[in-house]
Amino acid sequence: MGSETPLPKWASTPCIMGIDEAGRGPVLGPMVYGCLYCARSYQKTLATLNFADSKTLKEEKREELFENLKADESIGWSVDVIDPRELSAKMLKKNKVNLNEISHDSAIGLINRVLNMGVLLTEVYLDTVGDADKYRIKLSERFPSIKFVVAKKADSLYPVVSGASIVAKVTRDRALREWVLEETSENMHRSFGSGYPGDPETKAWLAHHKHSIFGFPTLVRFSWGTCTSYYKDMAEVLWESDKVDEDVGYGSSGKQLKLSNVGFGKAAKRKIEEIESSGKGRCKFFHSRKLEQLTHF
């Protein structure tokens with residue numbers, strides 16, 4: 001059932017929600033926040049559906065459970081897919097937004113989305129991001145009518161969060177499998193491993209796909225510390241501007257390279273800024289999907 005379908009009767013009774021993420025640590029691909037919600041009266045049944053922390057399940061089992069919950073008319077779910085470009089742009093802009101803030105904003109966005117659909121949320125369970133008490137207070141001040149439970153390892157403690165964990169993990173896995181590399185270099189390939197910084201296959205992929213001018217493909221979270229070691233071999237870039245920012249010292253090493261020297265000037269800079277500030281850095285794979293596949297009840 002999609003967002004235009006009338007709300008089921010259970011949605012107007014007191015409901016609970018679980019929220020969890022997938023892909024917080026990898027240097028490649030999106031971070032995905034997922035939620036699962038149902039009537040509070042459905043909790044006992046939910047506990048029998050064999051949901052568990054997605055990290056403890058094999059991929060085949062996660063896929064099976066995801067298909068089961070999608071078919072269950074007593075359950076609703078939704079996801080927020082945050083593109084790697086958006087993560088990097090927010091973390092590196094002048095007024096930086098750290099990963100915890102991005103995570104909080106995503107969770108808050110999911111709560112708002114479900115409330116705006118008309119679901120009567122009374123309890124929300126979340127895995128903590130940062131200090132659990134501070135996070136709970138922040139959420140309670142934003143949504144005073146909802147009881148919040150914020151705990152470490154919530155995905156292994158509460159079935160409703162375990163279900164959200166599966167939603168997030170399967171969504172991210174599918175996004176990576178179907179990711180379309182926008183770059184057109186002939187020697188690009190998709191053998192990037194798990195995407196985690198410690199994965200030798202991921203490291204090899206990063207080394208192979210770095211570019212001295214353009215950095216990395218858009219699949220890469222270039223704000224991650226993992227990428228720092230590759231920057232020493234890249235050209236330093238000085239954007240052209242009508243007025244030099246007197247607060248920035250560029251030094252006198254002579255290593256800076258104006259992009260106009262390689263065919264890129266102000267127009268390219270404006271285009272990049274438009275992409276980073278437009279909010280269009282969401283996964284294209286999911287933009288092409290119908291809304292009911294992102295928000296389902």
Side-chain angles (χ1 to χ4, degrees), residues 20-34 53-60 62-63 80-93 96-103 106 127 129-130 155 165-166 168-237 253 255-257 259 262 264 272 275-276 281-286:
D20 200 20
E21 56 77 26
R24 179 180 170 88
V27 66
L28 302 181
M31 180 171 72
V32 178
Y33 259 76
D53 175 5
S54 64
K55 294 185 290 296
T56 67
L57 302 172
K58 293 184 178 180
E59 182 178 355
E60 296 79 7
R62 291 195 299 265
E63 290 279 351
D80 181 29
V81 182
I82 310 173
D83 189 276
R85 288 170 294 187
E86 181 177 346
L87 291 170
S88 295
K90 286 183 174 179
M91 294 175 72
L92 293 177
K93 69 179 186 177
K96 293 178 174 57
V97 183
N98 65 40
L99 194 59
N100 282 3
E101 291 178 275
I102 295 171
S103 299
S106 183
D127 203 8
V129 177
D155 47 6
S165 173
I166 291 167
K169 177 62 175 171
V170 172
T171 300
R172 175 178 152 81
D173 287 348
R174 290 181 178 182
L176 280 176
R177 282 200 302 270
E178 303 194 26
W179 192 279
V180 177
L181 292 169
E182 297 180 359
E183 296 75 18
T184 57
S185 175
E186 293 181 359
N187 62 349
M188 293 187 70
H189 62 80
R190 295 178 51 85
S191 301
F192 44 68
S194 66
Y196 279 88
D199 186 337
E201 194 170 6
T202 299
K203 290 180 179 179
W205 189 90
L206 286 170
H208 180 73
H209 289 80
K210 68 180 180 180
H211 190 283
S212 61
I213 302 288
F214 301 108
F216 293 103
T218 53
L219 178 65
V220 179
R221 304 177 189 179
F222 53 85
S223 60
W224 255 234
T226 310
C227 298
T228 305
S229 61
Y230 299 101
Y231 294 156
K232 65 179 183 296
D233 299 322
M234 296 181 183
E236 296 183 52
V237 176
S253 64
K255 294 181 180 179
Q256 289 80 12
L257 175 67
L259 290 197
V262 289
F264 295 87
I272 292 170
I275 292 172
E276 292 184 346
R282 298 284 173 162
C283 181
K284 288 189 175 182
F285 164 68
F286 287 95

In sequence, state the C-alpha distance, the side-chain angles, and the governing distance for R177 and E59, and then conclude on salt bridge (charged side-chain N to carboxylate O under 4.0 Å, His left out).
CA-CA 13 Å; R177 282 200 302 270; E59 182 178 355; 2.8 Å; yes

Mind listing the closest non-hydrogen atom pair of L176 and F192 along with its distance?
O-CZ, 4.1 Å

Closest contact, heavy atoms only, P197 versus V27
CD-N, 4.2 Å

I need the minimum non-hydrogen distance between E21 and A168, along with the two atoms involved.
C-CB, 4.0 Å

Going from CG on D20 to CD1 on I166, what distance comes out if it is rounded to the nearest 0.5 angstrom?
10.0 Å

Rounding to 0.5 Å, atoms CD (E63) and NZ (K169) come to a distance of 10.5 Å

Please find the pair of heavy atoms, one from D155 and one from S165, that lie closest to each other, and give the distance.
CB-CB, 4.2 Å

Side chain to side chain contact (heavy atoms under 4.5 Å, CB included) with W224: of L99, L206, L28, only one passes, and it is L99

Between R221 (side chain) and G29 (backbone), is there a donor-acceptor pair under 3.5 Å?
yes

Atom of V81, atom of P30 and distance for their closest heavy-atom approach
CG1-CB, 3.8 Å

Does the side chain of V220 come within less than 4.5 Å of P84's, by heavy atoms?
no

Begin with the C-alpha distance, continue with both residues' side-chain angles, and end with the deciding distance and a verdict on salt bridge (charged side-chain N to carboxylate O under 4.0 Å, His left out) for R174 and E178.
CA-CA 6 Å; R174 290 181 178 182; E178 303 194 26; over 6 Å; no

Specify the closest pair of heavy atoms between R24 and S103, including all atoms of both residues, with the distance to one decimal.
NH1-OG, 3.0 Å

Keeping D199 on the side-chain end and S194 on the backbone end, is there a donor-acceptor pair under 3.5 Å?
yes

Within the side chain of E201, is there an N or O that forms a donor-acceptor pair under 3.5 Å with the backbone of A204?
no

Report yes if some heavy atom in the side chain of I82 is under 4.5 Å from a heavy atom in the side chain of I102; otherwise report no.
yes

Would D173 and R62 pass as an ion pair if we require N to O under 4.0 Å?
yes

Taking N98's backbone N and O only, do any of them form a donor-acceptor pair with E101's side chain (distance below 3.5 Å, no angle check)?
yes

Examine distances only and state if a side-chain atom of S88 and a backbone atom of F222 form a donor-acceptor pair shorter than 3.5 Å.
yes

Side chains of M31 and S106, heavy atoms from C-beta outward: is any pair under 4.5 Å?
no

Donor-acceptor pair, side chain of W205 and main chain of H189, under 3.5 angstrom:
yes

Evaluate the criterion salt bridge (charged side-chain N to carboxylate O under 4.0 Å, His left out) for residue pair R85 and E182; output intermediate values, then yes/no.
CA-CA 13 Å; R85 288 170 294 187; E182 297 180 359; 3.5 Å; yes

Just wondering, do K90 and K96 contact through their side chains at under 4.5 Å, heavy atoms?
no

Nearest 0.5 Å please: distance from the OH atom of Y196 over to the OG1 atom of T202.
10.5 Å

